[in-house]
Protein chains: 2
Amino acid sequence: MLLTDRQLLILQVIVDDFIRSAQPVGSRSLSKKEEISFSSATIRNEMSDLEDLGFIEKTHTSSGRVPSEKGYRYYVDHLLSPQVLNQQDVSIIQSIFAEKIFEFEKIIQRSAKILSELTNYTSIVLGPAVSINKLKRIQIIPLNKETAVAIFVTDTGHVENRTFSIPASVDAGDLEKTVNILNDRLAGVPLDDLNDKIYKEVAMLLRQHIHNYDLMLHTIADSLKMPIHEKLFFGGKTNMLSQPEFHDISKIRSLLMMIDQEEWIYNLIRKNSAGIHVKIGRENNNSAMENCSLITATYSAGQEKLGTIAILGPTRMEYSRVISLLKFLSKDLSEVLTKLYQNI
Amino acid sequence: MLLTDRQLLILQVIVDDFIRSAQPVGSRSLSKKEEISFSSATIRNEMSDLEDLGFIEKTHTSSGRVPSEKGYRYYVDHLLSPQVLNQQDVSIIQSIFAEKIFEFEKIIQRSAKILSELTNYTSIVLGPAVSINKLKRIQIIPLNKETAVAIFVTDTGHVENRTFSIPASVDAGDLEKTVNILNDRLAGVPLDDLNDKIYKEVAMLLRQHIHNYDLMLHTIADSLKMPIHEKLFFGGKTNMLSQPEFHDISKIRSLLMMIDQEEWIYNLIRKNSAGIHVKIGRENNNSAMENCSLITATYSAGQEKLGTIAILGPTRMEYSRVISLLKFLSKDLSEVLTKLYQNI
DNA sequence: AATTAGCACTCGGCAACAAGGAGTGCTAAC
DNA sequence: GTTAGCACTCCTTGTTGCCGAGTGCTAATT
């Protein structure tokens, strides 16, 4: 079931044209293109074959053709001509890193914003996984007799905090001793493993030094129980409203609701392995995304994958351009973060 | 230009009916209502007068009438029958406070969510102003030779943190001394006044104890410069998509873009004094809000105003119900926060 | 003098219909 | 194998006519 060169050419031109115009492509308008040197009748025959093979579809009996999901898939896998970014795009992306920055939440937020502005689609950035960072220091600060704040600082400078109530039987001295023991034992431990480590190693020590040790232990362990979700950042949530395929309010509605849900997006994006991934339409397994494609790229520090950047657009999206942008940004982002992490 | 009782009645019924149905109200359908005991012809005459006075409008020459902004304003100011919340609403709102909570970000987020679910409009909650909270403790935690995290804990348990680079001439001992001085001098000072206080009181002390004191000073002051914006929380951003007045994509678009902007909303909401405020349509001074009304209420701890809760809906919104809900929630919220603050 | 019944008129919405255009599929000629 | 030609399909647009809901005005009624 191999396609002939001419079929490939026609498929490519159809997809390109439809991406540009959002209008079904007819044989006559194709025949007028430079790249194409045969008559509309020939094209009609080829299109008929391409339709039989499932790469293109008609919207009604006598309409032009529109790429099917299979068509987009083939286009992305085999026909994509890598687009070179123009100088303007490059410098806009690089402007993200212009200022000296310490907190990558800022960088990441700015990345999302700029990505959505450059593409006019919706951008999504999954922040770095905090849970693999290593604990630098724990601090417990009493607010009053009954409550205190526990602060966890990671080696990357990320700060988590939890408020908890101090067990009645615990006094200030106990608290201080506990903090010392915790810092002693837990520094350098990934946040993910804290709970484990607390019960396995710290419990014993606490018992030796603190009166009501197990109450204290559970209080601290409880503060840590809440899983630390990677944060999602969005840019251009409303951009989809300008896409002609979303003239229909109910489609927009279900899409925006899904986006605001965050959970779906989180699951779609998180599990990705390194590199660029393109998911087209129903490949996303979500009815709200039927007319959407999601392109993801990962960024990392050194060898370690940190997070994901992604673009959500209509299936009729500028795959080539978006992929180039994502590749470029993820490379830059990784370089900057690698440097940042080396200092730690 | 006082309205007769009959005119008031008619105006009220028109507004009520339009709020319910979103359809222009005609004289005949009005005459069928229970409350109304005169003929459609009489109603037509009265409606004509009400239109001359600017309280109602026609959508075209032979259509029924629709409330004008002036009509809504009058309705809200004079004709609103305070609605009693049903038991279900009450218990749903109270469920917000069911769990024991320490961090009001959680409470507030939940409030926004529930408010939007109860009303089917968009809810907005302005978080408590952090900047008036008093500093409880400063902690500086070095990450490596060049960078450190400064952590500021307030008496309410709020934690702010900033990463900064350590001046080359400063060593660990200096850092520790600085932190001690800062805690000594700044505990109990509102975050707003920290900068001032640092330059006026702390500078001198630093000079006595630290070698390169002014570099240190500026580094610390810089970390504090960034103003601490109250956070905005939203619920039901997409609810407006279901409102019939927003069938028009371009209206939806400009509204959602304005909401995502956050700045406009922030300015609309922040400056409000205590109590319920209703802003109708163009009273909001924002073209994107032409068909919207914004109802705000404040919440406080003790005497101190902390933040704002608001509902953004179409001008054709259920004013009575929304006002009752906001009143109720703001009262509950204030009570809970007052208790929380008393412990501090 | 206030209210109401009656009636002509207006306008939006809907369905039916026609014309035009863009497109296809098929057949026959090149 | 390619292309010209043609009949056919279906969407789009515009026109027309009609119905229903509503108004404003006038004249009759209370």
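Just so you know, these numbers come straight off a predicted model, no measurement behind them. In what follows, every chain begins at residue 1, and chains take the letters A, B, ... in the order their sequences are listed.
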Open item on the list: If I take atom CG from residue B/Asn285 and atom CD from residue B/Glu283, how far apart are they, to the nearest 0.5 angstrom?
Closed with: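 If I round to the nearest 0.5 Å, the distance is 9.0 Å.
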
Open item on the list: B/Asp17 and side-chain hydrogen bond (donor to acceptor under 3.5 Å, both in side chains): which single residue from B/Lys33, B/Gln12, B/Arg65 fits?
Closed with: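 Exactly one candidate clears the test, B/Lys33.
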
Separation of [X] atom [atom1] from [N] atom [atom2], in whole Å?
X       : N      : atom1 : atom2 : answer
A/Phe18 : C/dG23 : CZ    : P     : 13 Å
A/Asp17 : C/dA22 : CG    : P     : 15 Å
A/Lys58 : C/dA22 : NZ    : C1'   : 13 Å
B/Arg44 : C/dC9  : CZ    : P     : 16 Å

- [ ] Taking heavy atoms of chain A and a 4.0 Å limit, find me the 5'-most and 3'-most nucleotide of DNA chain D within that range.
- [x]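 For DNA chain D, the relevant span reads D/dT2 to D/dC11.
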
For atom [atom1] of [X], is the number of surrounding heavy atoms from other residues, nucleotides or ligands below 6.0 Å larger than 12?
X        : atom1 : result
B/His60  : NE2   : yes
A/Arg28  : CZ    : no
B/Glu35  : CD    : yes
A/Lys327 : NZ    : no
B/Arg6   : CZ    : yes

TODO: Report the residues that fulfil salt bridge (Lys or Arg N to Asp or Glu O under 4.0 Å) with A/Glu57, sequence neighbours left out, ordered by chain and then residue number.
DONE: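 Not a single residue meets the salt bridge (Lys or Arg N to Asp or Glu O under 4.0 Å) criterion with A/Glu57.
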
TODO: Could you tell me which residues satisfy salt bridge (Lys or Arg N to Asp or Glu O under 4.0 Å) with B/Lys237, sequence neighbours excluded, listed by chain and number?
DONE: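 For B/Lys237, the residues satisfying salt bridge (Lys or Arg N to Asp or Glu O under 4.0 Å) (neighbours in sequence not counted) are B/Asp260.
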
Task: Position toward the 5' end of DNA chain D (nearest nucleotide), B/Gly64 or B/Ala41 - done: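 Looking at DNA chain D, the more 5' nearest nucleotide goes with B/Gly64.
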
Task: N/O donor-acceptor pair, side chain B/Thr61 with base C/dT10, under 3.5 angstrom - done: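 For B/Thr61, whose side chain was compared with the base of C/dT10, there is no donor-acceptor pair (under 3.5 Å).
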
- [ ] Starting from the 5' end of DNA chain C, give me the residue, B/Thr59 or B/Phe38, whose nearest nucleotide shows up first.
- [x]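 The 5'-side residue here is B/Phe38.
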
Open item on the list: Quick check on DNA chain C: between A/Ser48 and B/Ser40, whose nearest nucleotide comes earlier from the 5' end?
Closed with: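 Nearer the 5' end of the strand: B/Ser40.
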
Task: For DNA chain C, the residues among residues 23-36 of chain B that have a non-hydrogen atom under 4.0 Å from it - done: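 Under 4.0 Å from DNA chain C: no residue of residues 23-36 of chain B.
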
Open item on the list: When you measure from the side-chain N and O atoms of B/Thr42 to the phosphate of C/dT4, is any distance below 4.0 Å, counting only OP1 and OP2?
Closed with: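 True: B/Thr42 side-chain N/O within range (under 4.0 Å) of C/dT4 OP1/OP2.
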
TODO: State, to 0.1 Å, how close B/Ser111 and B/Leu329 come at their nearest heavy-atom pair, and which atoms those are.
DONE: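 Minimum heavy-atom contact is CB-CD2, 4.1 Å.
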
- [ ] For the helix from C/dA1-D/dT30 to C/dC30-D/dG1, figure out the bend between the end axes, five pairs an end, and round to 10 degrees.
- [x]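 The end axes of the helix from C/dA1-D/dT30 to C/dC30-D/dG1 are about 10° apart, to the nearest 10°.
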
TODO: If a pair satisfies side chain to side chain donor-acceptor pair (under 3.5 Å) and one of its residues is in residues 77-86 of chain B, list it, with sequence neighbours excluded.
DONE: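 Side chain to side chain donor-acceptor pair (under 3.5 Å) check on residues 77-86 of chain B returns B/Arg73-B/Asp77.
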
